[in-house]
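In what follows, a single structure is set out as structure tokens and then discussed.
Ligands are counted one by one from 1 in listed order, and the atoms in each one are counted from 1 as well. One is the number of the first residue; the rest follow in order along the sequence. Just so it is clear, the model here is predicted, and its values are computed rather than measured.
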Amino acid sequence: MTGIGNAMLDVITQDSKEVFRELGLVKASMALIGEDQLERFYNAMGPTIQMSGGSVANSIAGVAALGGTCGYIGKVANDEFGERFTHDLASLGVELDLAIARSDEGATGRCHVFITDDAQRTMATYLGASNQLRVEDVKEKLISRSEITYVEGYLFDLAPAKEAIRKVVNFAHEHDSMVALSLSDMFCVDRHRRDFLELVTGDVDVLLANEAEILALFQVPTLERAFEALEELGVLAAITRGPQGADVATMTGVVRVPAHEVEHVIDQNGAGDMFASGFLYGLALGADPVEAAQLGSLCAGEIITHLGARPEGDLEELALEAGLL
Ligand SMILES: Nc1ncnc2c1ncn2[C@@H]1O[C@H](COP(=O)(O)OP(=O)(O)OP(=O)(O)O)[C@@H](O)[C@H]1O
Ligand SMILES: [Mg+2]
């Protein structure tokens, strides 16, 4: 499996006082910020922990932790954060096709993550070098070997995104790689609805979204209506619904897969990303979508028990114990 997305470092703080509101952020969403705002956002945060992130990069880390062979395409700068991002995927055995931004193209992307007491995450992202991902940075090699090519919806916020995404999708079609898309964020869907719909209609085999994102895509008030739209398009979809689990929409109907029970939810950041790891890896192994979603739930259950969106436990062992691998 190969993923393409915004490479970035997460700068995470526990935000009991909901300081993020003073910065004008909307709870549970992702806002983009410029280089000129970095200092203000960082200074507003309490003590932080910093670790590699990036939505699809997290999912790829999850697949690697499950024992899968995978690759990642993205762009970093030649700086400490870029080095760390690279190390953290490479050390899991992920094959990387990372472009390196020129020194005048900005620093490695970073995401300021505010975790509130209800375990929700609110994010402010500086895209930096990620924003410089160009069509020529997309190479065929990794995609040509992958059963699934996983595209991050956040990529639509990049300046040259459409062309780069088109190239990725064309390579995937040429090499019989399934195209999976994450809708990423409801506001991102609002910003680029036409592009998302075009991609979903013509190119996407597997769609990953949470409830708010799928409603935003089809501009419908209920999930039932969204499922009808999905059925019409003939797209396999997994709609994650937090503690309520995930709805898997196939051509034969919708099946609810419960969330994995966990004792204490600390940080829901990465739940969707890890669900995608298990779901897509399961599909790549030939599992049926409901079994694949069970693996997704198991992986999501691990990530929400600790801070940070990269797995800490041995996902492969967990999955083997649960009889899902
Ligand atoms: N409180 C919870 N308890 C158990 N499982 C949960 C909980 N929250 C999330 N999950 C699991 O995580 C999956 C995805 O979560 P969610 O719907 O929150 O994704 P998301 O909003 O895209 O998250 P993110 O973008 O932060 O990764 C759910 O389908 C479920 O399996
Ligand atoms: Mg998500």
Side-chain angles (χ1 to χ4, degrees), residues 3 5-6 8 10 12 20 25-31 53-62 111-125 150-157 180-189 196 207-217 223 226 237-249 254-280 282 289-311 315 318-319 322 324:
N6 289 329
M8 59 185 60
D10 285 351
I12 307 168
F20 72 83
L25 300 174
V26 178
K27 192 164 191 175
S29 71
M30 189 284 303
S55 176
V56 161
N58 294 336
S59 299
I60 290 296
C111 175
H112 307 79
V113 187
F114 300 82
I115 308 297
T116 35
D117 292 344
D118 53 1
Q120 269 291 2
R121 92 291 184 268
T122 303
M123 305 184 289
T125 302
Y150 187 29
V151 180
E152 188 172 277
Y154 285 131
L155 283 175
F156 277 109
D157 283 327
L181 174 72
S182 160
L183 290 187
S184 294
D185 177 74
M186 64 180 278
F187 294 126
C188 184
V189 173
F196 273 116
L207 187 64
L208 289 117
N210 65 24
E211 198 170 339
E213 291 154 10
I214 198 74
L215 297 183
L217 179 69
L223 276 179
I239 310 302
T240 57
R241 306 185 59 192
Q244 293 179 69
D247 287 341
V248 183
V254 180
V255 179
R256 165 75 55 85
V257 173
H260 190 75
E261 255 179 64
V262 298
E263 260 177 38
H264 196 45
V265 181
I266 301 284
D267 166 17
Q268 294 192 48
N269 186 21
D273 302 338
M274 278 313 117
F275 179 89
S277 302
F279 186 62
L280 295 175
V290 170
E291 278 170 5
Q294 286 164 349
L295 186 55
S297 291
L298 183 80
C299 296
E302 191 279 335
I303 210 75
I304 61 180
T305 59
H306 57 80
L307 273 185
R310 294 280 175 102
L315 289 185
L318 277 180
L324 292 171

Practice task
Check E261 against ligand 1 and report side chain, backbone, both or neither, counting heavy atoms closer than 4.0 Å.
Solution key: neither
Completion exercise
In ligand 1, the atoms that come under 4.0 Å of a heavy atom of N269 are 26 (O)
Practice task
Please write down residue, atom name and distance for the protein heavy atom closest to atom 15 (O) of ligand 1.
Solution key: A271 CB, 3.4 Å
Handout entry: salt bridge (Lys or Arg N to Asp or Glu O under 4.0 Å) assessment of D118 paired with K27
Key = CA-CA 11 Å; D118 53 1; K27 192 164 191 175; 2.7 Å; yes
Problem - Ligand-side contact atoms (ligand 1) for residue partner D273, heavy atom cut-off under 4.0 Å - result: 27 (O)
Practice task
Search all heavy atoms of M274 against all heavy atoms of G62 and return the closest pair with its distance.
Solution key: SD-CA, 3.9 Å
Exercise for the section: Select the closest option to atom 2 (C) of ligand 1 among T305, I304, T240, judged by heavy-atom distance. Expected result: I304
Exercise for the section: Note the single closest protein heavy atom to atom 1 (N) of ligand 1, along with its residue, its atom name and the distance in Å. Expected result: V265 CG2, 3.5 Å
Exercise for the section: Just go through A300, P243, S55 and tell me whose heavy atom is the nearest to atom 12 (O) of ligand 1. Expected result: A300
Handout entry: Closest protein heavy atom to atom 29 (O) of ligand 1, given as residue, atom name and distance to 0.1 Å
Key = G245 O, 3.1 Å
Handout entry: Inter-residue atom distance E302.CD - R310.CZ, 0.5 Å rounding
Key = 13.0 Å
Practice task
Give the residue and atom name of whichever protein heavy atom lies nearest to atom 25 (O) of ligand 1, and the separation in Å to one decimal.
Solution key: R121 NH2, 2.9 Å
Problem - G242 heavy atom under 4.0 Å from ligand 1 - result: yes
Handout entry: Region of E213 engaging ligand 1 - heavy atom pairs below 4.0 Å
Key = neither
Handout entry: Spacing of OH belonging to Y150 relative to OG belonging to S59, to within rounding of 0.5 Å
Key = 4.5 Å
Exercise for the section: Write out the residue and atom name of the closest protein heavy atom to atom 24 (P) of ligand 1, then the distance separating them to 0.1 Å. Expected result: G272 N, 3.6 Å
Exercise for the section: Name all residues meeting the ring pair (Phe, Tyr, Trp, His ring centres under 6.0 Å) criterion together with F279; count only those two or more places apart in sequence or in a different chain, and write none if there are none. Expected result: F275
Exercise for the section: For atom 21 (O) of ligand 1, grab the closest protein heavy atom and report residue, atom and distance to one decimal in Å. Expected result: N210 ND2, 2.9 Å
Problem - atom 8 (N) of ligand 1: the protein heavy-atom neighbour that sits closest, reported with distance to 0.1 Å - result: Q268 OE1, 3.3 Å
Problem - Distance in Å, I303 CD1 paired with N58 CG, rounded so as to fall on 0.5 Å steps - result: 7.0 Å
Problem - Inter-residue atom distance I214.CD1 - L207.CG, 0.5 Å rounding - result: 4.5 Å
Exercise for the section: Just need the protein heavy atom nearest to atom 5 (N) of ligand 1, so name the residue and atom and give the distance. Expected result: A259 CB, 3.3 Å
Problem - T122 side chain to A28 backbone, donor-acceptor under 3.5 Å - result: yes
Practice task
Supply the atom-to-atom distance S55 OG to M123 CE, rounded to the nearest 0.5 angstrom.
Solution key: 7.5 Å
Fill in the blank from the handout: In ligand 1, the atoms that come under 4.0 Å of a heavy atom of G270 are 24 (P), 26 (O), 27 (O)
Exercise for the section: Mind checking side chain to side chain contact (heavy atoms under 4.5 Å, CB included) for E291 and listing every partner two or more places apart, or none if nothing turns up? Expected result: A287, D288, Q294
